Amino acid sequence: MNNKTIVLASRPTGTPTAAQFQFEKREVPTPEPGQLLLKTLYVSVDPYMRGRMSAAKSYIAPFAVGEPITGGVVAEVVESHNPQLPVGSVVVGNLPWQQYSVADAKTLNRVPADKAPASYFLGLLGMPGLTAYFGLLDICQPKVGETVVVSGAAGAVGMVVGQLAKIKGARVIGTAGSDEKVAYLKSLGFDEAINYKTTPNLGKALAAAAPHGIDCYFDNVGGAITDAVYDHLNKHARIALCGQISMYNATEVPTGPRPEGKLLKSSSRLQGFIVSDYLPRWPEGVAQLTEWYTEGLLKSEETITEGFDQIPAAFLGLFTGENTGKAIVKVA
């Protein structure tokens, strides 16, 4: 059988293009004792992957040029050498962009098909949901009646952050890049949502949406949105620095307002974090998110692209705002 594979062809300068992705046909690997042969069902595309396309030092090793790109994948076991995961089991793990791959059972988690759709374990009940869970609840710690602002609120992480803040009794404001996404956020229960692309003055819009100031900010975007938020921080505000997608493709770091004075005057706490910092607590997070989902307190939206060949296009679409909620590619 052919085994389509997507490798990193070259490192991008600025915004990645289709030229960075090369399709190859490789042999289907043979599992060794204790391993599994997996058929890819769903592939996750995520903004953090842009950083791994660069050779710059980061919190995780870069992708190697000429080697398969890896990321979150839901797969079906088609050959098993481990009795704990028999043929037919559905699993989730960090796997290559291939139609078939092999992995050790210990590197995978079984997907409980009775709890939620399998693809949700790449989104709401997977890494993005856990990012929202730990970033908001551990770092921001919203209290009843406080105001929480979420940038990139209609993305895979932001949509969960807003819903968790509502569960905790906060007033929630989200920013997004289209009127359709604003309407989606309102349908999730956000109190206010701002289309940053059509709003001439973000500062005035935030002042109107948060008349009592901002207590918590979950930052997925950075840039001008974050500059505007910092002008409205309340005393002892908490900021979870999760992503800076507005600058991921910048060839030079832009000079903007310097935030230190605003943080100092408001006695605010700014903390960057990576979800893998919380790896020992992931079971706790998955269990709680699953409970809230089954109780109807959490909803999910997915932008599903069909076809293995469409994985690069789905990834590139992240940087032009084509997805609402979690971007997923259905392979089989």
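Keep in mind that what you see is a predicted model, and the values were worked out from it rather than measured.
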Q: Got a donor-acceptor contact below 3.5 angstrom from the D277 side chain to the I274 backbone?
A: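 Checking the backbone N and O of I274 against the side chain of D277, a donor-acceptor pair under 3.5 Å is found.
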
Q: Just verifying a value: how many Å separate I311 CD1 and Q98 CD, rounded to the nearest 0.5 Å?
A: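 These two atoms lie 10.5 Å from each other.
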
Q: Looking only at side-chain N and O atoms, does S151 offer a donor or acceptor that is under 3.5 Å from a partner on N220?
A: no

Q: Does a side-chain N-to-carboxylate-O contact under 4.0 Å join D215 and K143?
A: no

Q: Supply the atom-to-atom distance E260 CD to K265 NZ, rounded to the nearest 0.5 angstrom.
A: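 The NZ atom of K265 is 12.5 Å from CD of E260, to the nearest 0.5 Å.
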
Q: I'd like to know if D46 and K326 make a salt bridge, using a cut-off of under 4.0 Å between side-chain N and carboxylate O.
A: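 A salt bridge is present here (some side-chain N lies under 4.0 Å from a carboxylate O).
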
Q: Can you check whether T324's main-chain N or O pairs, donor with acceptor, with T303's side chain at less than 3.5 Å?
A: yes

Q: Please check: side-chain N/O of S101 versus main-chain N/O of L95, any donor-acceptor pairing under 3.5 Å?
A: no

Q: Decide yes or no for W282 and N109: does some side-chain heavy atom of the first lie under 4.5 Å from some side-chain heavy atom of the second?
A: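 When only atoms from C-beta onward are counted, N109 and W282 do not touch, as no gap falls below 4.5 Å.
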
Q: Which heavy atom of A207 sits nearest to which heavy atom of H232, and what is that distance?
A: CB-CE1, 3.7 Å

Q: Quick check: does any side chain N or O of W97 sit under 3.5 Å from a backbone N or O of V43, one acting as donor and the other as acceptor?
A: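 Checked: no pair found.
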
Q: Going by atom types only, do Y230 and S268 share a side-chain donor-acceptor pair under 3.5 Å?
A: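 Note: Y230 and S268 side chains miss the donor-acceptor criterion.
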
Q: Is N234 reaching over with its side chain to a backbone N or O of H212, donor-acceptor style, under 3.5 angstrom?
A: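 Yes; at least one donor-acceptor contact below 3.5 Å.
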
Q: Would you say D104 and T107 are linked by a side-chain donor-acceptor pair, where the criterion is simply a distance under 3.5 Å?
A: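 D104 and T107 do not have a side-chain donor-acceptor pair below 3.5 Å.
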
Q: Does any non-hydrogen side-chain atom of L38 lie less than 4.5 Å from one of V77?
A: yes

Q: If you count every heavy atom of other residues, nucleotides or ligands that lies below 6.0 Å from K115 atom NZ, does the total exceed 12?
A: no

Q: Please say which of V172, V148, I139, I239 ends up in a side chain to side chain contact (heavy atoms under 4.5 Å, CB included) with C216.
A: V148

Q: Should V65 and F63 be regarded as members of a common hydrophobic cluster, given that ILVMFWY residues are connected when their side-chain heavy atoms come within less than 4.5 Å of each other, either directly or indirectly?
A: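 V65 and F63: one cluster.
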
Q: Does the Y248 side chain pair with the main chain of Q244, one donor and one acceptor, at a distance under 3.5 Å?
A: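 Between the backbone of Q244 and the side chain of Y248 there is a qualifying donor-acceptor contact (under 3.5 Å).
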
Q: Please check this pair: side chain of R52 against backbone of A61, looking for a donor-acceptor N/O pair closer than 3.5 Å.
A: yes

Q: So do the side chains of F121 and Y42 get within less than 4.5 Å of each other, counting heavy atoms only?
A: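 No. Closest side-chain heavy atoms not under 4.5 Å.
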
Q: Is the backbone of Q35 close enough, under 3.5 Å, to the side chain of N82 for a donor and an acceptor to pair up by distance?
A: no

Q: Roughly how far, to the nearest 0.5 Å, is CG of L188 from CD of Q163?
A: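 Here the interatomic distance stands at 4.5 Å.
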
Q: Would you call R26-E24 a salt bridge at under 4.0 Å N-O?
A: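 Answer for the salt bridge query: yes.
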
Q: I'd like to check I173 versus D191 (side-chain heavy atoms, cut-off strictly below 4.5 Å). Are they in contact?
A: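 With C-beta onward as the side chain, the pair stays apart.
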
Q: Heavy atoms, side chains only, cut-off 4.5 Å: are M53 and P62 in contact?
A: no

Q: Do N3 and P29 come within less than 4.5 Å of each other through their side chains, counting heavy atoms only?
A: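 Result yes, sub-4.5 Å side-chain heavy-atom pair found.
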
Q: For S89 and R110, which I'm curious about, is there any donor-acceptor pair between the side chains at under 3.5 Å?
A: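 Per modelled atom types, S89 and R110 side chains form a pair under 3.5 Å.
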
Q: Classify the angle between the aromatic ring planes of W292 and Y133 as parallel (below 30°), tilted (30 to 60°) or perpendicular (above 60°).
A: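 W292 and Y133: tilted rings.
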
Q: A side-chain contact here means heavy atoms from C-beta on lying under 4.5 Å apart; do F23 and D309 qualify?
A: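 Answer yes - side chains close enough.
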
Q: Set out, in order, the CA-CA distance, both residues' side-chain angles and the distance that settles ring-ring contact (aromatic ring centres under 6.0 Å, His included) for Y120 and Y293, then state yes or no.
A: CA-CA 10 Å; Y120 278 29; Y293 168 72; 5.6 Å; yes

Q: How long is the straight-line distance from OG1 of T15 back to CZ of R50, given to the nearest 0.5 Å?
A: 7.5 Å

Q: Out of V7, T70, T5, I6, which residue meets the side chain to side chain contact (heavy atoms under 4.5 Å, CB included) rule with P96?
A: T70

Q: Could you give the distance from CG (L36) to CG (L85), rounded to the nearest 0.5 Å?
A: 5.5 Å

Q: Out of curiosity, Q20 CD to L316 CG, how far, rounded to the nearest 0.5 Å?
A: 8.5 Å

Q: Answer whether the closest heavy-atom distance between the side chains of V91 and V74 falls below 4.5 Å.
A: no

Q: Just wondering, more than 12 heavy atoms not from K204 lying within 6.0 Å of its NZ?
A: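 Counting neighbours around NZ of K204, 12 or fewer heavy atoms of other residues, nucleotides or ligands fall under 6.0 Å, so no.
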
Q: Counting only heavy atoms not in E252 (residues, nucleotides, ligands), do more than 12 fall under 6.0 Å from its CD?
A: no

Q: Mind checking whether F273 and Y278 have parallel, tilted or perpendicular rings, split at 30° and 60°?
A: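 The rings of F273 and Y278 stand perpendicular, inter-plane angle above 60°.
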
Q: Let me know which of K168, R238, K235, K166 forms a salt bridge (Lys or Arg N to Asp or Glu O under 4.0 Å) with E146.
A: R238

Q: Using modelled atom types only, decide if a donor and an acceptor are shared between the side chain of S178 and the backbone of K181 within a distance under 3.5 Å.
A: yes

Q: Are the side chain of Q99 and the backbone of K4 linked by a donor-acceptor contact shorter than 3.5 Å?
A: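 Yes, because the side chain of Q99 sits within donor-acceptor range (under 3.5 Å) of the backbone of K4.
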
